[in-house]
Enquirer: 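Once you've had a glance at the structure underneath, I'll fire off some questions.
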Amino acid sequence: FIPFVAAVAVTAAAESPPLQQPEDYQERLVDWIRSGQNGYFHPHVQWQRLGGNGPYAMHTTVDLPKGTELLTVPRSHVLDSFQTHDECTTVARMLGENKKGEDSFFAPYLSYLFDETTGGTTTGMLPGAWSEEGQDLLSGLLAGEGDPDDGLEPQSFEQRDVFDVCGKNFRANLASEEVEDEDERQHAQDAYLYWVSRSWSDKMVPILDMYNHRNGKSLNVESTSAHDLDSDITAYALRDIKAGEQLQNTYSECMDHDCTFGEIKYFYNTARIFNDYGFVEFYPRRWPMNAEGQEDLVAEVNEDLETGQKSFQWIFETPSQSTLEWMEDQLERLKGIDQDFRKAVANHRNSSEAGGRRRHNNIEHEAASLLELFDAYVEVLEMGLKHKVGGVGITHEQFEKDLQEARRSAGFGDEL
C-alpha cells in the first residue's frame, strides 16, 4: 500500500525553465533521472552550499505546498539485488556497473559515488572507516581506558569487512580464489560502506539518498516505499515548505519498512546514526543512556529553531540512582580529558602522517566529528543531571498513541 502521495502530489508547472545545478555531476544526475519514464526533479530545487562554502544540500527556491512532488526516481534507475534481498548482490552490481565506466547505464550515479574527480561524495566518513589514529581518539572519547561496555555509545563502531560478509571469494574470478589486489579490495569495501550508509535495505536509490537527515520541525520530505516494485519512488513535501528552506528527510522516523513505519524513532538514536552515517545529527538529538539495567533509557535534547533555546526530556523512563552515578562519572571523565583531547584532535588534524591510506581517510571530517561528538555528550550529560528529578516526557503508551496517529496521517490506518 502506497501512502496518499499519488493522489495529492502537486507537480510543478513548467512555466519557467529548470534551474541549472552548480556542479556538472549534479546536473548530470538530474538529467539522467528526468530522462527515465516518469522521472522527475522539481525545476525549482537546487543544490546550494551550506554556510556559503560548506557541503552541498538541496534547497527549494520557491514556496512549496504540502504534497508537492519533489523527485520521482524511475524504478529502472534503482540499483537493487534482483529481488534476492541480499546486500552482497547489490554491492556486486555496484562494482560491476562501475567497472563498465561510461558504458554503464548507472554511470551518472556511480561516478558521483566512486570518481575522485567528480567531487560529489567521499570515502572515510563512517567511524568504522576512519584512520587508525582517528579511531583511537574516538575510543578514548567514548570509554577512555575503561571497559567499552561501561562507556558511551556506540560501544563498537567497527564496520564489518565486505569479504567477511560476502565471502572470501567475493568478486574473485573463481570460487576457489580471493581478490588479492589491495586497491580492488579497498574499492569493494568502499562500495559496501556506501551500501551501509545510503541504501534502503537492498536498494540504492539515486538522488533520494542525497537529502540530508533531520527530525523535528525541520523535517519536510517524505517518500513512497522503495520496496513496491510496481511503482516508482516519489519524494514529496511533507508540509508546506518556504522558499530558501533546505529539503530534509529522516533516517529514523520514516513511514516505511526501513523505519518499521516509525517504530524506531527513539531506538535508532543519535549514537547509532553517527555510527552508520558518520555525522552527529542536528537537534533533536536522542542519546542512549545505557547504564546497566536501563537499556531503554533515552535522553532527548532539542533546540528551538527561532530562539536557539535548548530543552531536555527523558524518554520512556527516568534514570535510576545507579544511572545518575554513571552519568556523573562519564561527565567527570570527559571534563577531565577536555584540554588534552582537544590538543590531540588538533594534532591529528594537522598531522601529515594521519591515515596510512589518505585517499580513503577524511582527516578533517574525523577531527570535526570528534569535537562535535565530545561537545554533544558533555551537553546531554550536563542537561540530564540538571533534570534528574524531572518527569518523563514521552511514555511508552504515549509513543504508541502518537505512532498510530502518524501512521493514520500517512495513510496506513490501523493495518500495521
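The first residue in the sequence is number 1, and the count goes up from there.
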Enquirer: Check whether any side-chain N or O of R75 sits under 3.5 Å from a backbone N or O of D228 as a donor-acceptor pair, and report yes or no.
Expert: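 Checked: pair present.
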Enquirer: State, without any angle test, whether D209 and Y109 hold a side-chain donor-acceptor pair at a distance under 3.5 Å.
Expert: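 D209 vs Y109: donor-acceptor pair found between side chains.
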Enquirer: Verify the distance criterion only: is there a donor paired with an acceptor across the side chains of E222 and Y236 at less than 3.5 Å?
Expert: no
Enquirer: Should the heavy atoms of other residues, nucleotides or ligands under 6.0 Å from NZ of K310 be counted, would the total exceed 12?
Expert: yes
Enquirer: Answer yes or no: is there a donor N or O on one side and an acceptor on the other, between the side chain of D63 and the main chain of A243, under 3.5 Å?
Expert: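 Yes: the side chain of D63 pairs with the backbone of A243.
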Enquirer: So does H365 get a backbone contact from the side chain of S369, meaning a donor-acceptor N/O pair under 3.5 Å?
Expert: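 A pair under 3.5 Å: yes.
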Enquirer: Just wondering, more than 12 heavy atoms not from F312 lying within 6.0 Å of its CZ?
Expert: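 Result for CZ/F312: enclosed.
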Enquirer: Rounded to the nearest 0.5 Å, how far apart are CG of L370 and NE2 of H348?
Expert: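 Reported value, rounded in 0.5 Å steps: 6.5 Å.
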Enquirer: Is the shortest distance from a Lys or Arg side-chain nitrogen in E97 or K100 to a carboxylate oxygen in the other one below 4.0 Å?
Expert: yes
Enquirer: Going by heavy atoms in the side chains, are V298 and P288 under 4.5 Å from each other?
Expert: no
Enquirer: Can you tell me if S111 and R28 form a side-chain donor-acceptor pair at under 3.5 Å?
Expert: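 Side-chain D/A pair, S111 to R28: present.
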Enquirer: Evaluate the criterion side-chain contact (heavy atoms from CB on, under 4.5 Å) for residue pair F170 and L95; output intermediate values, then yes/no.
Expert: CA-CA 11 Å; F170 182 67; L95 292 166; 4.0 Å; yes
Enquirer: Would you call K203 and L229 a side-chain contact if the rule is heavy atoms closer than 4.5 Å?
Expert: yes
Enquirer: Taking R272 first and then E281, would you say they form a salt bridge - that is, a charged N and a carboxylate O separated by under 4.0 Å?
Expert: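 No salt bridge links R272 with E281.
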Enquirer: With heavy-atom distances below 4.5 Å as the criterion, would you say the side chains of H213 and Q248 are in contact?
Expert: no
Enquirer: Do R93 and D80 touch side chain to side chain, with heavy atoms closer than 4.5 Å?
Expert: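 The answer is yes, as the side chains (C-beta and beyond) meet within the 4.5 Å cut-off.
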Enquirer: So which atom in I337 and which in G140 form the shortest heavy-atom distance, rounded to 0.1 Å?
Expert: CD1-O, 4.1 Å
Enquirer: Write down the atom of N249, the atom of L208, and the distance for their closest heavy-atom approach.
Expert: ND2-O, 4.1 Å
Enquirer: Going by atom types only, do N98 and H187 share a side-chain donor-acceptor pair under 3.5 Å?
Expert: yes
Enquirer: Under 6.0 Å between ring centres: does that hold for Y112 and Y194?
Expert: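 For Y112 and Y194, the ring centres are not under 6.0 Å apart.
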Enquirer: Distance from I207 atom CD1 to M58 atom CE, nearest 0.5 Å?
Expert: 6.5 Å
Enquirer: Answer yes if the ring centres of Y251 and Y268 are under 6.0 angstrom apart, and no otherwise.
Expert: no
Enquirer: Is the backbone N or O of E23 less than 3.5 Å from a side-chain atom of Q26, with the two atoms forming a donor-acceptor pair by type?
Expert: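 Yes; judged by distance alone, with no hydrogens or angles, the pair exists.
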Enquirer: With no hydrogens and no angle check, do the side chains of T224 and T234 hold a donor and an acceptor under 3.5 Å apart?
Expert: no
Enquirer: With a 4.5 Å limit on heavy-atom distance, are the side chains of T60 and H42 in contact?
Expert: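 Of all side-chain heavy-atom pairs linking H42 with T60, none is under 4.5 Å.
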Enquirer: For S131 and E366, test the side chains for any donor-to-acceptor distance below 3.5 angstrom and give the result as yes or no.
Expert: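 The criterion, which ignores hydrogens and geometry beyond distance, is satisfied for E366 and S131.
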Enquirer: Taking Q309's backbone N and O only, do any of them form a donor-acceptor pair with T307's side chain (distance below 3.5 Å, no angle check)?
Expert: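 The answer is yes, because a donor-acceptor pair under 3.5 Å joins these two groups.
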Enquirer: Is R342 salt-bridged to D338, going by a charged N under 4.0 Å from an acidic O?
Expert: yes
Enquirer: Verify salt bridge (Lys or Arg N to Asp or Glu O under 4.0 Å) between R239 and E245, making sure each step is shown before the conclusion.
Expert: CA-CA 12 Å; R239 57 169 173 78; E245 276 195 70; 2.9 Å; yes
Enquirer: Can you check whether I233 reaches W200 side chain to side chain, under 4.5 Å on heavy atoms?
Expert: no
Enquirer: Any sub-3.5 Å donor-acceptor pair from Y377's side-chain atoms to E153's backbone N or O?
Expert: yes
Enquirer: Looking at N350 and A346, would you say the former's side chain and the latter's main chain have a donor-acceptor pair under 3.5 Å?
Expert: yes
Enquirer: Do other residues, nucleotides or ligands put more than 12 heavy atoms under 6.0 Å from the CG atom of D147?
Expert: yes
Enquirer: Starting at CG of L137, measure out to CZ of R349 and round the result to the nearest 0.5 Å.
Expert: 11.5 Å
Enquirer: Between T90 and D202, is there a donor-acceptor pair closer than 3.5 Å when you use the side chain of the first and the backbone of the second?
Expert: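 Yes, T90 side chain to D202 backbone: donor-acceptor pair under 3.5 Å.
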Enquirer: Check step by step if side-chain contact (heavy atoms from CB on, under 4.5 Å) holds for L247 and V45.
Expert: CA-CA 9 Å; L247 301 179; V45 168; 3.7 Å; yes
Enquirer: Is it the case that the side chain of E178 and the backbone of E180 share a donor-acceptor pair, with hydrogens and angles ignored and the cut-off at 3.5 Å?
Expert: no
Enquirer: Strictly under 6.0 Å, is that where the ring centroids of W47 and F41 end up?
Expert: yes
Enquirer: Evaluate Q46 against V30 for side-chain contact (heavy atoms from CB on, under 4.5 Å), listing each step before the verdict.
Expert: CA-CA 10 Å; Q46 185 181 54; V30 169; over 6 Å; no
Enquirer: Which heavy-atom pair separates L126 from N275 by the least distance, and what is that distance?
Expert: CG-O, 4.0 Å
Enquirer: How many angstroms lie between CG in L110 and OG in S104, if you round to the nearest 0.5 Å?
Expert: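 Here the interatomic distance stands at 5.5 Å.
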Enquirer: Hey, is the main chain of C88 close enough, under 3.5 Å, to the side chain of W195 for a donor-acceptor pair?
Expert: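 Not confirmed, W195 side chain does not pair with C88 backbone.
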Enquirer: Tell me whether R285 forms a cation-pi arrangement with Y283, defined as NZ or CZ under 6.0 Å from the six-membered ring centre and within 45 degrees of its axis.
Expert: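 Judged by the rule (NZ or CZ under 6.0 Å from the ring centre, within 45° of its axis), R285 counts as positioned above Y283.
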Enquirer: Within the 3.5 Å criterion, strictly below it, is a donor on S311 or D304 matched to an acceptor on the partner's side chain?
Expert: no
Enquirer: Show the nearest heavy-atom pair for residues L138 and L373, with the distance to one decimal.
Expert: CD1-CD2, 3.6 Å
Enquirer: First locate atom SG of C166, then atom CG of D161, and finally report the distance between them rounded to the nearest 0.5 Å.
Expert: 9.5 Å
Enquirer: Do the ring centers of F157 and F274 come within less than 6.0 Å of each other?
Expert: no
Enquirer: Given side chains that start at C-beta, do those of Q404 and R407 come closer than 4.5 Å, heavy atoms only?
Expert: yes
Enquirer: Does the side chain of S197 come within less than 4.5 Å of D276's, by heavy atoms?
Expert: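 Side chain of D276 against side chain of S197, heavy atoms only: no contact under 4.5 Å found.
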Enquirer: Taking CD in E177 as the centre, count heavy atoms belonging to other residues, nucleotides or ligands within less than 6.0 Å. Is the count above 12?
Expert: yes
Enquirer: Suppose the criterion is ring pair (Phe, Tyr, Trp, His ring centres under 6.0 Å): which pairs have a residue in residues 76-103, not counting sequence neighbours?
Expert: W32-H77, H77-F105
Enquirer: Below 30° counts as parallel, above 60° as perpendicular, anything between as tilted: where do the rings of Y266 and F316 land?
Expert: perpendicular
Enquirer: Give the minimum heavy-atom separation between N215 and S252, together with the two atoms involved.
Expert: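 Minimum heavy-atom separation between N215 and S252: ND2-OG, 3.0 Å.
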Enquirer: Determine, for R286 against E300, whether the closest basic-nitrogen to carboxylate-oxygen distance falls under 4.0 angstrom.
Expert: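 Yes.
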Enquirer: Take M289 and L381 through the side-chain contact (heavy atoms from CB on, under 4.5 Å) test and state the conclusion after the steps.
Expert: CA-CA 9 Å; M289 296 288 110; L381 289 167; 4.0 Å; yes
Enquirer: Testing the basics here: between N361 and W130, what is the closest heavy-atom pair and its distance to 0.1 Å?
Expert: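 Answer, listing the atom of N361 first, then W130: ND2-C, 3.4 Å.
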Enquirer: Looking only at side-chain N and O atoms, does D232 offer a donor or acceptor that is under 3.5 Å from a partner on T72?
Expert: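 Their side chains do not contain a donor-acceptor pair, so the 3.5 Å distance test is not met.
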Enquirer: Can you tell me how far apart CZ (F279) and OG1 (T270) are? Round to the nearest 0.5 Å.
Expert: 9.5 Å
Enquirer: Kindly indicate whether a cation-pi arrangement holds for R185 with F163, taking the cut-offs as under 6.0 Å to the six-membered ring centre and within 45° of the axis.
Expert: yes
